[in-house]
Each structure stands twice: as C-alpha cells, then as structure tokens.
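Below: one structure in structure tokens.
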Amino acid sequence: VGTNSAILTAGAIQSNFCAFVPFYEDEVNAIMADEGFKLIKHTAVATNVTLASSPNGTLRQGYAGNVTLTFENSGLADAENLSVTVSTSNANHMPTGIAGTDWYATAGTGTDQEIHRASLAVSNLANVALTWDELPPVDSLEVTIDWKWDGGTMQSQTLNLTLLPSYRV
C-alpha cells in the first residue's frame, strides 16, 4: 500500500516521507481528520488565509472576557494543515481557553498555545474563541497570533486589546 521513511532526524525535529497508492489518500485523510491532521501533498498549492479579530463586548480588568478570531480562506485552494499559535509575553496573561469547531490543541508552554485543523476550504471561515476567566490588571493586553498552512508562509498579527479599569483588581 505504501512506505513510510524517516528522512531527517535532527534533535526533536523529525521529518517523514510517506508514499501511498494515490487512491488511498482520501481514506488515510479521513482517519487522520479525527485528530485535525491531513497528509501534506508533495506540492502544496498556495492560497491566502487572513485573520480578523473582534472582542465580544467590553473587556474589563478582573472580569471574564473573550475575543473571536475569524480565519478566512480567500484563495483558490484549500488551506491544508492550518496551524495557529496564540502567545503573550506573560504566562499570567494567556487565555484560559482557546477553542473552536474542528480545531485541536497541539502543544503549548506557559506563554503560547498551538491549535490546528486539517483543512480550511476555499471561501470558508473558521472561528477560534479566546476566553479569559479573569482578564489581567493591565491597560493593554498584547496577544500575538501566528498562523501557517501547507504551501503558505508564516503570517502574524498582534492584537492590542484595551482593558477598561475596574475596582475589582
């Protein structure tokens, strides 16, 4: 049916090459989709994925808050293996929740969290909710969003969220 070979192993980074009989690709992708992954095509097609963000209501220090990230594929091909990293400079400022339909958590540290999805189809949107149980006592909360996909270059946008003061903090 196919072969799977390690072609590069350097420290913690490993690259694999999988060669399957082409008509099994859909079946393999269907199995992997449950974990948010897809096979990387030998020549990935370039497309365009953009980000829009919007706070849901007023963001106030010491209170719960959330921001919606909306990714849009405005290109001519599906964005395969879309990966998003949310980061802040302070672990205490990270969202307590990062989630969305068909998004899967990958890895994270105190100051960043990665999520991914198998694909974002042409002309489709995908939302990610950033939620905080309690927003930090700062006037401006800086959150960096990095995203990439097969055949695309790393994109980055920094959100400068204004947090209104409160007597709670």
Side-chain angles (χ1 to χ4, degrees), residues 12-13 29-30 32-41 44-169:
I13 300 172
N29 279 337
M32 292 171 50
D34 288 340
E35 297 295 325
F37 291 101
K38 259 188 141 170
L39 292 174
I40 298 173
K41 296 183 176 161
V45 179
T47 193
N48 188 41
V49 177
T50 57
L51 169 64
S53 64
S54 138
N56 299 322
T58 301
L59 300 177
R60 189 173 295 279
Q61 299 170 15
Y63 287 86
N66 60 63
V67 173
T68 299
L69 306 178
T70 302
F71 293 91
E72 179 180 11
N73 182 351
S74 58
L76 301 175
D78 291 352
E80 309 285 356
N81 295 311
L82 178 58
S83 173
V84 174
T85 302
V86 176
S87 59
T88 62
S89 61
N90 183 327
N92 294 324
H93 296 178
M94 278 296 290
T96 48
I98 302 173
T101 303
D102 295 326
W103 289 94
Y104 301 87
T106 306
T109 66
T111 57
D112 66 59
Q113 174 66 51
E114 183 181 343
I115 59 173
H116 68 275
R117 63 183 293 133
S119 180
L120 180 58
V122 173
S123 300
N124 279 351
L125 305 173
N127 291 327
V128 174
L130 306 181
T131 57
W132 287 264
D133 292 339
E134 185 176 312
L135 287 161
V138 295
D139 294 331
S140 179
L141 176 59
E142 189 173 284
V143 180
T144 301
I145 313 298
D146 297 318
W147 68 100
K148 62 183 176 183
W149 60 95
D150 296 347
T153 57
M154 177 70 78
Q155 305 292 309
S156 187
Q157 183 174 327
T158 299
L159 311 178
N160 290 302
L161 305 171
T162 300
L163 305 185
L164 298 178
S166 99
Y167 293 108
R168 197 175 213 185
V169 292

*Could you tell me whether the side chain of N73 and the main chain of L120 form a donor-acceptor pair under 3.5 Å?*
yes

*State, to 0.1 Å, how close A79 and V49 come at their nearest heavy-atom pair, and which atoms those are.*
CB-CG2, 3.6 Å

*With side chains defined as the heavy atoms from C-beta onward, is the minimum distance between S140 and L161 less than 4.5 Å?*
no

*State which residues pass ring pair (Phe, Tyr, Trp, His ring centres under 6.0 Å) with W103; sequence neighbours excluded, sorted by chain then number.*
F71

*Quick one: closest heavy-atom pair of Q61 and L163, and the distance?*
NE2-O, 3.5 Å

_Worked check of side-chain contact (heavy atoms from CB on, under 4.5 Å) between M154 and D146_ = CA-CA 7 Å; M154 177 70 78; D146 297 318; 3.6 Å; yes

*Can you name the closest pair of heavy atoms from T50 and N48 and give their distance?*
CG2-ND2, 3.8 Å

*Drop me the distance from N56's CG to T131's OG1, to the nearest 0.5 angstrom.*
10.5 Å

*Distance from Q113 atom CD to S87 atom OG, nearest 0.5 Å?*
11.0 Å

*With V128 as reference, evaluate L69, I145, V84 under the side chain to side chain contact (heavy atoms under 4.5 Å, CB included) test and give the passing residue.*
L69

*side chain to side chain contact (heavy atoms under 4.5 Å, CB included) involving A118 - partner list, sequence neighbours excluded*: K38

_Those residues that, when tested against Q157, pass side chain to side chain contact (heavy atoms under 4.5 Å, CB included) (two or more places apart)_ = L51, S53, W147, L159

*Which residues pass the side chain to side chain donor-acceptor pair (under 3.5 Å) test with N160, sequence neighbours left out?*
none

_Per the ring pair (Phe, Tyr, Trp, His ring centres under 6.0 Å) rule, what does the pair list look like for residues 73-97, sequence neighbours excluded?_
none

_Sequence-distant partners of N92, side chain to side chain donor-acceptor pair (under 3.5 Å), two or more places apart_ = none

*asked:* Taking side chain to side chain contact (heavy atoms under 4.5 Å, CB included) as the definition, give me every residue that meets it alongside T106, ordered by chain and number, with sequence neighbours left out.
replied: E114, H116

*asked:* Assess, by modelled atom type and distance only, whether the side chains of T144 and E142 contain a donor and an acceptor separated by less than 3.5 Å.
replied: no

*Go through the structure and list residues passing side chain to side chain donor-acceptor pair (under 3.5 Å) with T109, not counting sequence neighbours.*
D112

*Do side-chain atoms of T96 reach the backbone of D133 as a donor and acceptor pair under 3.5 angstrom?*
yes

*Give a yes or no answer on whether the side chain of E72 reaches the backbone of T70 with a donor-acceptor pair at less than 3.5 Å.*
no

*About how many Å separate CG of L135 and CG of L164, when rounded to the nearest 0.5 Å?*
10.0 Å

_If the condition is side chain to side chain donor-acceptor pair (under 3.5 Å), which residues does N90 pass it with, not counting sequence neighbours?_
none

*What heavy-atom pair brings G75 and T47 nearest, and what distance separates the two atoms?*
CA-OG1, 3.1 Å

*Is R117 positioned over the aromatic face of Y104, cation under 6.0 angstrom from the ring centre and no more than 45 degrees off axis?*
no

*asked:* Between T68 and N127, is there a side-chain donor-acceptor contact under 3.5 Å, judged purely by atom types and distance?
replied: no

*Taking it one step at a time, do V143 and T158 satisfy side-chain contact (heavy atoms from CB on, under 4.5 Å)?*
CA-CA 6 Å; V143 180; T158 299; over 6 Å; no

*asked:* Could you walk me through whether S166 and Y63 satisfy the side-chain contact (heavy atoms from CB on, under 4.5 Å) test, starting with their C-alpha distance in whole Å, then the side-chain angles of each, then the deciding distance to 0.1 Å, before giving a yes or no?
replied: CA-CA 9 Å; S166 99; Y63 287 86; 3.6 Å; yes

*Can you name the residues that form a side chain to side chain contact (heavy atoms under 4.5 Å, CB included) with D78, not counting sequence neighbours?*
E80, S119, A121, V122

*Would you say the side chain of T162 lies within less than 4.5 Å of the side chain of L59, judging by non-hydrogen atoms?*
no

